[in-house]
Structures are given as structure tokens and as C-alpha cells.
A.B. asks: 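Take this structure first; my questions come after.
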Protein chains: 2
Amino acid sequence: MYQYEYPHPAVTVDSVVFGLDNEELKILLIRRKLEPFKGAWALPGGFVQMDESLDDAAKRELMEETGVEKLYLEQLATFGKPDRDPRERVITVAYVAIVNLFDHTVKADSDAEEAGWFPVEDPPELAFDHIKILAAALNRLQGKIRYQPLVFEFLPEKFTLSQVQKLYETVLCRPLDKRNFRKKIQGTGMVIPLDEYEMDVSHRAARFYYFDRKAWEEKSGEGFHFSI
Amino acid sequence: MYQYEYPHPAVTVDSVVFGLDNEELKILLIRRKLEPFKGAWALPGGFVQMDESLDDAAKRELMEETGVEKLYLEQLATFGKPDRDPRERVITVAYVAIVNLFDHTVKADSDAEEAGWFPVEDPPELAFDHIKILAAALNRLQGKIRYQPLVFEFLPEKFTLSQVQKLYETVLCRPLDKRNFRKKIQGTGMVIPLDEYEMDVSHRAARFYYFDRKAWEEKSGEGFHFSI
DNA sequence: CCAAAAGTGTTAGAGATACACCCATGG
DNA sequence: CCATGGGTGTATCTCTAACACTTTTGG
């Protein structure tokens, strides 16, 4: 039993985990085992432990629930309306995460928890105010992807330019001109062609490229603007 | 006395309040009356009450400490390293605020609390991790001011274009070309000239303008890009 | 030879940048 | 008449946007 002179809220972290599944943008949801909202789908998350930072809490919860260690993670915002949880006052720090579903497999079920990937555009009913958090996360992703190289967090080490373009189109919900897109991507100097090509495709084989993280880190220091 | 089955952290809100004082960008600080960091300068803030939202808590604290009701307020980020407060686990939700020091006077001292405005570039030693919060806030301000009309939150209803330009230069820490700046500002269609001019200045009197909030609200809906 | 996706350049227009002088006012 | 800041236009350049056909491969 823990006692305080003044009331303290509970604090949780919840993550909106984006992934690219079969060229569709999806989010990871967990089915709740406990009341309230028992049986409903919800964002993965949980209570912040007293000895861990918020970032560490988000990482730990995602590790526990997806088994993925390496992922992109950034704080989104904190949601704290007094009545957002019917049990007690719960303030949640929301995160945006991106997992690479090519290089890492995500365990769909962990310690008897049901988990699943759902289309961003058509999610099921969500517990609490999680639909609002999802909206904020999508907004952040759409805004940030235009001037930071987040796309490569979704893609395998080696990718084709068409994959990159389709991903941008999916996230931004608008078509991009192929020639202008390729010019711009290659003009950054951070997307480097390999001498490898697709195999066994029934059309001209696409060239593979990789993202040069070092070049990005160097250039991003000096106010470099990515910009799609 | 309040009891919980699991330990709960304390949650506070802290605000970085920016204001334009004599053409200098300043922040509002409060001198701490209590341990820890008694006597040190700190960001204004305090504990979140159980029945108020985070935004409401930030507004209430600022009202109590500055007497200002109308101000620009936006959530910045949440800081929660386990050891950021020596007493107990305290997670703080940081806000960025802007007060207009032309139209509203801020009471420098409130209920026996010492308060003061300090240059952003040269603040005193701050309590807790508040220097990190300040850095994040300044970063947010510099980023956001380029594509959202935040400058007008600092300025009086009626202002001159030179005031606007100097403010941009102050915040962005770089000079701007006068003619190009004026073209761009006027090109937005949201900064409207008045038939009023400065009085009693020992040089050509500058024209006054006002910011058309309605035009901004309409245009910002349709993906309008401010951009300086 | 057909279907399917990869790959490739040029042109026109819009927006950004660079730049220098005259004007109005108070002292 | 001098000091101080207010106010104005043009030329160049860069970046963006629009646009259509040829290439490669498997079936």
C-alpha cells in the first residue's frame, strides 16, 4: 500500500505502433483482458514504473508486447482529461513508434494477449480516448515524414524506389509524380544505389538502394531540409 | 491521506512563458520559496489537480502566478526521468506559452512570490531539469514560428512591419531582407494596413497593421503554408 | 507478343534571393 | 541639415510541376 499526502494520478505510456504490412499502413492493437473496456482493442501500453524513464517505459511495454527491440520511438503528446479512464485519474504519455516488418517479425500474440495489425484508415472501436491518440499520431507521422527520413524505418535495408514512393503515397494519401520523386530522392545524396536487382519478377527488375544514415546524421546537423 | 495499491508518481505542469520585453525575447521565471532548490529560479508551474485537465492546470498556474488570462498555450513535451526531482518521482508536462506584454501587464510578484523576466539567451541557473525544458521550448518556438503566425501573439493589436521583422530576427537569430520580408508578409493577405501611423518619432512615421485572425483560420484549414 | 512495372529529360512557371536609393520626421 | 528608421521594384536564379515513351522480364 502506498500513501501520499495529496492525491496522485496514475501515469501510463501508450504507443501508436505503425508498420507497413503488404503495402498497407497498419497499427498494432492489443485486445484488453481486463475491465474497463474488457475485450475491446486498445493501444499497447501500461503503467510507468517508478524507476524507469518514460522512454524506457514505452520501450519496455513494446518489448513485452511485440518482442521487437529495435524500433523508432518518439514522444507524441500527453493526454490527461480527468475522465478519460473510468477507474481513476490516469494520465497517459503517448508515443509514436515505427517497426520494420521486413527485418523483424513481430509476435502477434504474447503471454496470452491477443494482438493484431489493423488498417490505419479503418480501425476497430478503441478503448478509452485511444482513437484521439491515433488521430494525433497519424497527424504527426504525416507531418514529419515530409521533412525527416522516417520512411526508411518502415522498409528493409535494401529497397526499391517504387517501394519508397508507394509508402509516401500511402502515408500522405496522395499520388506523387514518379520522375520528380526519383529526382528528389536521389538528389538528397542519402539514398545510394546498389548493384543488386529484384529477382524473378514478371517485369523489368527494379534496382535496390539503401539509406545512408551517416550522411543523414551529418547533413541534418547543418539545417539540411529533407522535404518531399 | 491517499492510498494506492501501486505507487503513483506526482504530476506537475511547468510552462516556458515567452514575452517580448523592449525588443528582447524573455522568459518568465519564479523564485522558489521551498526546498528543494529553495531560492533558485524555476519555470512557473505546479501540481495537477485531480479534477482538471492538463491544459487547465497550466492555465490555472499561469493565472495564479502572472494574472494573465489570455495567452497562447500549447503542450510541449513531458519530462519524466526518475531522478529529476530529489523528493519523489515527479513527471512534468511542459507547456510553451506566449504573453503579450503590450496589451497585458503581468504582475511581477504574486502572493509574495518573486517573479522576473530574463533574457532567453542568458538565463540564470535553473532548478531541476528546467534548463532542458527551456531548450526544448526555444527549439519549438523557433521551428513553429516559421510556418505559424505565432509572432502576433507577442505584439500589440496594432504593430508596424519593422516590429514584426525585428521579432522574427530575434527569435530566429538571423537577419532578414527588409523588402523580401515585407513582400512575403503582405503577400499572405492576413496582415492588413491601417490608416494610422506612429506619432512623435524622430524619423518617418511607420504605418500600423493588424493581423486578421479570421483570414488565418479560414486559410489554415486548407493547408495554407505561412512560411518565413 | 502481351502484361506489368522500371526507368529516364525537358520545359514552363512560381517562388526565393540579392540588391540601393529616396522619404518623412524631430532635433 | 543631419541622423534615424520607413518605405519601395527589378532582375536572376533555383526549385517545383507537368508531362509520355522506351526497357526489361516472365508467362
Side-chain angles (χ1 to χ4, degrees), chain A residues 20 22-24 145-147 151 155-156 158-170 172-210 219 222-228, chain B residues 20 22-24 145-147 151 155-156 158-170 172-210 219 222-228:
Chain A
L20 190 64
N22 200 21
E23 301 196 352
E24 259 199 296
I145 208 168
R146 284 189 352 212
Y147 60 94
V151 271
L155 295 171
K158 300 170 183 180
F159 48 80
T160 68
L161 295 187
S162 294
Q163 279 181 297
V164 184
Q165 185 180 341
K166 274 193 204 107
L167 177 48
Y168 269 107
E169 290 175 332
T170 300
L172 299 177
C173 299
R174 65 183 160 97
L176 298 171
D177 179 84
K178 183 160 55 155
R179 280 176 288 191
N180 294 335
F181 179 81
R182 294 166 92 96
K183 246 181 291 170
K184 217 184 241 178
I185 278 285
Q186 292 180 101
T188 63
M190 300 182 311
V191 176
I192 317 291
L194 292 162
D195 281 328
E196 294 178 47
Y197 296 82
E198 283 182 325
M199 305 273 284
D200 302 315
V201 286
S202 75
H203 50 78
R204 180 169 171 178
R207 188 167 197 170
F208 284 117
Y209 290 74
Y210 73 94
K219 291 187 187 177
E222 279 319 304
F224 180 81
H225 221 58
F226 197 82
S227 164
I228 292 293
Chain B
L20 191 63
N22 199 23
E23 302 196 351
E24 259 199 297
I145 208 168
R146 284 190 351 213
Y147 60 93
V151 272
L155 294 171
K158 300 171 182 181
F159 48 79
T160 70
L161 296 186
S162 294
Q163 280 181 298
V164 184
Q165 185 178 341
K166 274 191 202 109
L167 177 49
Y168 269 107
E169 290 176 332
T170 300
L172 298 177
C173 299
R174 65 183 161 97
L176 299 171
D177 179 84
K178 184 160 54 157
R179 281 178 287 192
N180 294 335
F181 179 80
R182 294 167 91 95
K183 247 182 291 171
K184 218 184 241 177
I185 277 286
Q186 292 181 98
T188 63
M190 301 182 312
V191 177
I192 317 292
L194 292 163
D195 281 327
E196 294 178 48
Y197 296 84
E198 283 182 325
M199 305 275 281
D200 302 315
V201 287
S202 74
H203 52 76
R204 181 169 171 180
R207 188 167 197 170
F208 283 116
Y209 290 74
Y210 73 94
K219 291 189 187 175
E222 278 318 305
F224 181 81
H225 220 57
F226 196 83
S227 165
I228 292 292

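Here is how names work: the chains are called A, B, and so on, in the same order as the sequence lines, proteins then strands, and each is numbered from 1. Side chains included, hydrogens not; waters and symmetry mates left out as well; all remaining heavy atoms used.
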A.B. asks: Need to verify one output field. Residue with the more 5' nearest nucleotide on DNA chain C, B:S227 or B:M199?
C.D. replies: B:S227
A.B. asks: In the structure I gave you, are the side-chain heavy atoms of A:I228 and A:I145 within less than 4.5 Å of one another anywhere?
C.D. replies: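 A side-chain contact is absent here, since even the closest heavy-atom pair is not under 4.5 Å.
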A.B. asks: Note down the inter-axis angle between the two ends of the helix from C:dC1-D:dG27 to C:dG27-D:dC1, five pairs each, to the nearest 10°.
C.D. replies: 0°
A.B. asks: How long is the straight-line distance from OG of B:S227 back to CZ of B:R146, given to the nearest 0.5 Å?
C.D. replies: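 Answer rounded to 0.5 Å: 8.0 Å.
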A.B. asks: Please tabulate, one pair per line, all N/O donor-acceptor pairs under 3.5 Å involving side-chain atoms of residues 200-208 of chain B, not counting sequence neighbours.
C.D. replies:
{"residue": "B:R207", "atom": "NE", "partner": "B:L194", "partner atom": "O", "Å": "2.7"}
{"residue": "B:R207", "atom": "NH2", "partner": "B:L194", "partner atom": "O", "Å": "3.3"}
{"residue": "B:R207", "atom": "NH2", "partner": "B:D195", "partner atom": "OD1", "Å": "3.0"}

A.B. asks: Tell me: NZ of B:K184 to P of C:dG15, nearest whole Å?
C.D. replies: 11 Å
A.B. asks: Rounding to a whole Å, what distance do you find between A:Q165:CD and C:dA5:P?
C.D. replies: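 Value for this atom pair: 13 Å.
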A.B. asks: Can you give each donor-acceptor pair under 3.5 Å made by side-chain atoms of residues 158-169 of chain B, sequence neighbours left out, with the distance rounded to 0.1 Å?
C.D. replies:
{"residue": "B:K158", "atom": "NZ", "partner": "B:E196", "partner atom": "OE1", "Å": "3.2"}
{"residue": "B:K158", "atom": "NZ", "partner": "B:E196", "partner atom": "OE2", "Å": "3.0"}
{"residue": "B:T160", "atom": "OG1", "partner": "B:Q163", "partner atom": "N", "Å": "3.2"}
{"residue": "B:Q163", "atom": "OE1", "partner": "B:T160", "partner atom": "N", "Å": "2.9"}
{"residue": "B:Q165", "atom": "NE2", "partner": "B:E169", "partner atom": "OE2", "Å": "3.2"}
{"residue": "B:Q165", "atom": "NE2", "partner": "B:L176", "partner atom": "O", "Å": "2.9"}
{"residue": "B:E169", "atom": "OE2", "partner": "B:L176", "partner atom": "N", "Å": "2.8"}

A.B. asks: At under 4.0 Å between heavy atoms, which parts of nucleotides 2-9 of chain D does protein reach? Answer with one letter per nucleotide, 5' to 3': B base, S sugar-phosphate only, - none.
C.D. replies: -BBBBBBB
A.B. asks: Sequence neighbours excluded, which residues qualify as side-chain hydrogen bond (donor to acceptor under 3.5 Å, both in side chains) partners of B:N180?
C.D. replies: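 For B:N180, the residues satisfying side-chain hydrogen bond (donor to acceptor under 3.5 Å, both in side chains) (neighbours in sequence not counted) are B:D177, B:K183.
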A.B. asks: Identify the two heavy atoms, one from B:V191 and one from B:T188, that lie closest to each other, and give their separation to 0.1 Å.
C.D. replies: N-OG1, 4.0 Å
A.B. asks: What's the CD1-C1' distance between A:I185 and C:dG7, to the nearest Å?
C.D. replies: 16 Å
A.B. asks: Roughly how many Å is it from CZ in B:F181 to P in C:dA16, rounded to a whole number?
C.D. replies: 14 Å
A.B. asks: Please find the pair of heavy atoms, one from A:T170 and one from A:E23, that lie closest to each other, and give the distance.
C.D. replies: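 Result for this residue pair: OG1-O, 3.8 Å.
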